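Owing to the predicted nature of the structure, the values given are computational and were not obtained by experimental measurement. Below, read A as the first sequence line, B as the second, and so on, with proteins coming before strands; counting in each chain starts at 1.
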2 protein chains.
Amino acid sequence: MTTAGTDGPTDRESKKRRTRLRLHTAAVRLAVERGYQATTADEIAAAAGVSPRTFFNYFATKEDAIVGSDPDRPARLHRAVVERPSHERPAEALRAVLTDQVREMEGDPDLWRMRSTLAASTPELSTRLAGAGDRLETALVEAVYLRAGTDPADDLATGLSARLAMAAVRAAFHQHRAAGADGSLADRLDTAFDAAGVR
Amino acid sequence: MTTAGTDGPTDRESKKRRTRLRLHTAAVRLAVERGYQATTADEIAAAAGVSPRTFFNYFATKEDAIVGSDPDRPARLHRAVVERPSHERPAEALRAVLTDQVREMEGDPDLWRMRSTLAASTPELSTRLAGAGDRLETALVEAVYLRAGTDPADDLATGLSARLAMAAVRAAFHQHRAAGADGSLADRLDTAFDAAGVR
DNA sequence: TATCTTTTTGCACACACTGCAAGTTTTGAC
DNA sequence: GTCAAAACTTGCAGTGTGTGCAAAAAGATA
């Protein structure tokens, strides 16, 4: 029973995608409703209509189900930075790539807001987010060193530029949140890049 | 049987301190020898000569026993920044406080090296370290806003200065490590602060 | 010595997570 | 439509982390 047409391209892929999304949203909802600690993996599975064992086929940990951060984003941005026009200086390349990325995230502001609200209230999740940010920063640092072709032991400035760029991103996010998610995040980011000397 | 004299001031406090240290060193040693995952909390307890249950009286998690990072360092540095002479600009205060802190860490280079080696090889621990760094950054951001008396929603520059300072610290550490922990970390940090515009 | 406090320990338990093997669904070829 | 291969789901059994509780051991106090 495939009933193609009511459901669009009903292949295995899309079913998996929907199951994953059901699990993720169930995880976030339950965590918001009753707290992260008080929510068990079994409950999330039940809410999404799958067996407990299946939950762990989709997410390695309970935290992953809530944060749901893309594990290969660092690699993707690394590539994006490396593939930028070679005449650009590190700061320019980083700025372009990170601006694109933030524009993408602006597409789903609710998700971002729920995530950061949850993270603010539960240390496990904020640690998790910090870890994801750190892996991203490391990937960007490697990317700019690759572009520059210099030795990290001698050249401090190149790696530093990537860390300054990430600092600007964090500052922009923080300000955005402090301002009640009002106004354009991309604009704030632009200001932050300028203030951080990323140009 | 207190035998004061063979052991120094043998009170309850010092016994606890030594037990904690035994657990920490046993945890680090075992994790280095056979890997983090392959080391169980029970084994750490046994190696330190205490019961498994006691292990968790000293450390909330296995990760804590290895990282052993001081949970109230953020609060301490927050205070240090706030208490700096009021004529100093944020960047100056941050630079002074972080320089002091790094000088302290330079006192035990072996510990730092083992930690970062372990963290580099096991994602759980690097996530943990990133989380600790993030909590520190957040504390410093709050501290400089407190000094400035401004609203984070309007004033981006103040919070950004704290994040730039932390970026400089990370860059200096990274370079130091890339250079085989050779030379003065404090010197590298000074260069990094200058390059990041923290002054 | 007697007593009060702190620490250690054992026990039972909830929950996260994994390997494995058996079931079910989906797919693609005929 | 039938059938076999591939992919996905599930149950089961087990390891390991981490917690509450109450009894035992150790240390401090007088």
Side-chain angles (χ1 to χ4, degrees), chain A residues 1-24 26-27 30-31 34-68 71 122-125 127-128, chain B residues 1-24 26-27 30-31 34-68 71 122-125 127-128:
Chain A
M1 217 222 298
T2 318
T3 64
T6 65
D7 247 359
T10 305
D11 51 10
R12 260 205 276 249
E13 283 288 305
S14 83
K15 195 180 175 189
K16 281 197 78 172
R17 227 177 299 128
R18 277 178 299 157
T19 302
R20 190 183 177 84
L21 185 61
R22 276 209 322 281
L23 280 168
H24 174 61
L30 287 175
R34 59 180 83 168
Y36 169 75
Q37 302 267 17
T39 306
T40 71
D42 284 20
E43 289 169 336
I44 297 170
V50 298
S51 78
R53 186 64 186 83
T54 297
F55 174 86
F56 289 107
N57 287 340
Y58 282 88
F59 297 99
T61 68
K62 199 176 81 174
E63 287 160 1
D64 278 346
I66 291 173
V67 172
T122 79
E124 285 98 326
L125 299 179
T127 297
R128 199 81 176 181
Chain B
M1 217 223 296
T2 319
T3 62
T6 64
D7 248 0
T10 304
D11 51 10
R12 267 205 270 248
E13 282 287 305
S14 83
K15 194 181 177 188
K16 281 199 79 170
R17 227 176 298 129
R18 276 178 300 157
T19 300
R20 191 184 177 85
L21 185 61
R22 275 208 323 279
L23 281 168
H24 173 61
L30 288 175
R34 59 179 85 166
Y36 170 74
Q37 302 266 18
T39 306
T40 71
D42 284 19
E43 290 169 337
I44 298 170
V50 298
S51 78
R53 186 64 186 82
T54 297
F55 174 87
F56 289 106
N57 286 342
Y58 281 88
F59 297 100
T61 69
K62 200 174 80 172
E63 287 160 1
D64 278 346
I66 289 173
V67 173
T122 80
E124 286 98 324
L125 299 179
T127 297
R128 200 80 176 182

Distance in angstrom units between D64(A) CG and dA16(C) C1', rounded: 13 Å
Under-4.0 Å side-chain N/O to phosphate OP1/OP2 contact, K62(A) with dC15(C): no
For the base of dG19(C), is there a side-chain donor-acceptor partner from R53(A) under 3.5 Å away? yes
Could you give the CG-to-C1' distance, from D42(B) to dC11(C), as a whole number of Å? 14 Å
Is it the case that the side chain of R20(A) and the backbone of Y58(A) share a donor-acceptor pair, with hydrogens and angles ignored and the cut-off at 3.5 Å? yes
Whole Å only: how far is the CD atom of E43(A) from the C1' atom of dC15(C)? 11 Å
T40(B) versus K62(B), closest heavy-atom pair with distance: C-CD, 4.4 Å
Which nucleotide wins on minimum distance to the side chain of K16(A), given the candidates dT17(D), dT10(D), dC8(D)? dC8(D)
Below 4.0 Å: OP1/OP2 of dT26(C) and any side-chain N or O of K15(A): yes
Using a 4.5 Å cut-off on heavy atoms from C-beta on, say whether the side chain of T61(A) contacts that of R128(A). yes
Starting at the 5' end of DNA chain C, which residue's closest nucleotide do you reach first, P52(B) or R12(B)? R12(B)
Without decimals, in angstroms, what is the distance between F56(B) CZ and dG18(D) P? 5 Å
Hey, are the side chains of E63(A) and T127(A) touching, using non-hydrogen atoms and a 4.5 Å cut-off? no
Output the rounded distance in Å from CZ (R20(A)) to C1' (dT9(D)). 16 Å
What's the CG-C1' distance between N57(A) and dA16(C), to the nearest Å? 15 Å
Whole-Å gap separating P (dT8(C)) and CZ (R22(B)): 9 Å
Sidechain N-carboxylate O distance under 4.0 Å for R34(B), E43(B): yes
Regarding Y58(A), tell me which of base, sugar-phosphate or nothing describes its non-hydrogen contacts under 4.0 Å with the strands shown. sugar-phosphate
Is there a side-chain polar atom (N or O) of T54(A) under 4.0 Å from OP1 or OP2 of dT9(D)? no
Check the distance between dA7(D)'s P and R17(A)'s CZ and give it to me in whole angstrom. 17 Å
